[in-house]
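Here the structure is a predicted model, which is why all the values come from computation and not from measurement. All heavy atoms count here, side chains included; hydrogens, waters and symmetry mates do not. Chain letters run A, B, ... following the sequence lines, proteins first, then strands; residues in each count from 1.
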2 protein chains.
Amino acid sequence: MRHRCLSGEAATAGTASKKRDAQRSKRAILDAALSEFAERGHAGARIDAIAERAGVSKPMLYNYFGDKDELYTAALREAYVQIRAGERELDLAGKAPEAAMRDLVAFTMEHFRSKPWFISMLNTENLLGGQTVRKIKDVGEIQSHLITMLTRILNRGVSQRVFRPGIDPVDLYIMIAALCYFPISNAHTLRAVFRCPVDEPWLNRHREHAVEMVLRYLAP
Amino acid sequence: MRHRCLSGEAATAGTASKKRDAQRSKRAILDAALSEFAERGHAGARIDAIAERAGVSKPMLYNYFGDKDELYTAALREAYVQIRAGERELDLAGKAPEAAMRDLVAFTMEHFRSKPWFISMLNTENLLGGQTVRKIKDVGEIQSHLITMLTRILNRGVSQRVFRPGIDPVDLYIMIAALCYFPISNAHTLRAVFRCPVDEPWLNRHREHAVEMVLRYLAP
DNA sequence: CACCTATGTTACTAATTGGTAAGTTAGGAA
DNA sequence: TTCCTAACTTACCAATTAGTAACATAGGTG
């Protein structure tokens, strides 16, 4: 008989795996939902599959989350929460403007590459017309940290005369995101149409092109 | 009593609308399928909805196309065919390299904007892992015209010393496509997260940024 | 202990949906 | 005219799937 000690609290820890634990069940359902919705889209996702992935019965799922749409909403929100958490690990404060900008582009690309469910969820949500993201009230704050950092880099770059003035940080971020998003989001069609191997070396090359494009765009 | 004369052949033309016409039915089904799959994705698309949109009964649809997957394949293929047809109208031959590059970016953006079903189909296909696009054998030829034109512009630009050498046309096209694709594909989430009005003036501004970014990237 | 609620399951239903069998009709060919 | 085939429809089925009712039990509280 084996014990699996995952995410137990101080007092009740250790005996975890098969005990009743609402928190753990909720987390498992949310994680499973994020995976399933990201892999198959909103209409393609199966409630039974989510329950099975979570190791939980269907009525539990309906108990904690209301129905498929509410679960989808929670999963989309979770995607943003996890992305925000990842972005907090990026620190560009001490770096020279050009190096900081390079790191930002590289980080964004690696972020998208290592968390493909984020791009999937965004595509799914845009297919649905953005009806759900509009309901997530604090979604605007989510990338504010990134924009703040980007603004600081731009300002420092301008005062050091390595960047030209008049660049809007949001516009710039959208262009950076575009360059990082597209080759990952469209990896399969790019492979088929242009015979690109969209693998790590190829993406690294593309990243360097993106960095160069951004730096040239910012040069005075 | 009114006549609707659409797509009739020389001999049988004129009496079109309600006569039996396999060609017309096939076309109607294909158009309806492209719309439905683009709007709702593969799993979200409904065969009944496609039949109704086409003004045709379901068994007709199964008669001409085999099943849902084959119809989806035909719709994806049709998306590429229509995009290719649109691209043939672009002619950059006589223009100065920089003007030609500007026109190419503007055209690409307008192309994506005016045919949103193309972006939808690409996103849907990438969600499915590209399993279908791989089966469309001549998909590689589809954008070859564009790449050929781009190569010529680059060469002219290099020999006129307005572009630097060593730029790979496919890499460049992917970056142009990225800059044009992203704000349209992700319009709804951009509106929600960054409060961008992704409307015509905003897209025009973004297009100018993209043009400038590309031209600066190409400058010697 | 006895109780009670939160946690959990089995087994089901109603509706949707991809797909089809069987039949109907238009219109050209003989 | 009389066939005969391709074009087309109605009416259905089997499987899937979101959602639920009814039941079971762990484990803290009085």
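Spacing between atom OH of B:Tyr64 and atom C1' of D:dC8 amounts to 8 Å, rounded to whole angstrom units. The nearest whole Å value for the distance from the CE atom in B:Met60 to the P atom in C:dT20 is 15 Å. Atom C1' of nucleotide C:dT17 and atom CZ of B:Phe37 are separated by 13 Å, given to the nearest angstrom. Distance, A:Arg24 CZ to C:dA6 P: 19 Å, rounded to whole Å. Rounded to whole Å, the distance from CD on B:Glu36 to C1' on C:dT17 is 12 Å. Spacing between atom NZ of B:Lys68 and atom C1' of C:dT17 amounts to 8 Å, rounded to whole angstrom units. Rounding to whole angstrom units, NE2 of residue A:His42 and C1' of D:dT17 are separated by 13 Å. Atom CZ of B:Arg46 is separated from atom C1' of D:dT16 by 11 Å (rounded to the nearest Å).
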> Yes or no on side chain to side chain contact (heavy atoms under 4.5 Å, CB included) for A:Ile50 and A:Phe37, after CA distance, side-chain angles and deciding distance?
Replying inline: CA-CA 9 Å; A:Ile50 294 172; A:Phe37 280 119; 4.0 Å; yes

> Taking it one step at a time, do A:Tyr72 and A:Lys68 satisfy side chain to side chain contact (heavy atoms under 4.5 Å, CB included)?
Replying inline: CA-CA 6 Å; A:Tyr72 168 76; A:Lys68 190 179 186 181; 5.6 Å; no

>> Show, in sequence, the C-alpha distance, side-chain angles and deciding distance for B:Met101 and B:Leu154, and conclude whether the side chain to side chain contact (heavy atoms under 4.5 Å, CB included) test is met.
In response: CA-CA 9 Å; B:Met101 195 63 68; B:Leu154 283 175; 4.1 Å; yes

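For B:Arg20, whose side chain is taken as the heavy atoms from C-beta onward, the closest listed nucleotide among D:dA6, C:dG8, D:dG19 is D:dA6. Checked against D:dA24, D:dC8, D:dG19, the side chain of A:Asp67 finds its nearest nucleotide in D:dG19.
Remark: A:Ser25 is in phosphate contact with C:dG8, judged by side-chain N or O atoms under 4.0 Å from OP1 or OP2.
Within the 4.0 angstrom heavy-atom criterion, only backbone atoms of the sugar-phosphate kind lie near A:Ala45; the bases stay farther away.
Each of A:Lys58 and A:Asn63 has a nearest nucleotide on DNA chain C; the 5'-most of these lies closest to A:Asn63. When the nearest nucleotides of DNA chain D are assigned to A:Asp48 and A:Pro59 by heavy-atom distance, the more 5′-ward of the two goes with A:Asp48.
Between B:Tyr181 and B:Phe112, the ring center distance clears the sub-6.0 Å criterion.
For the atom pair CD1 of B:Ile119 and CG of A:Asn186, the computed distance is 8.5 Å after rounding to the nearest 0.5 Å.
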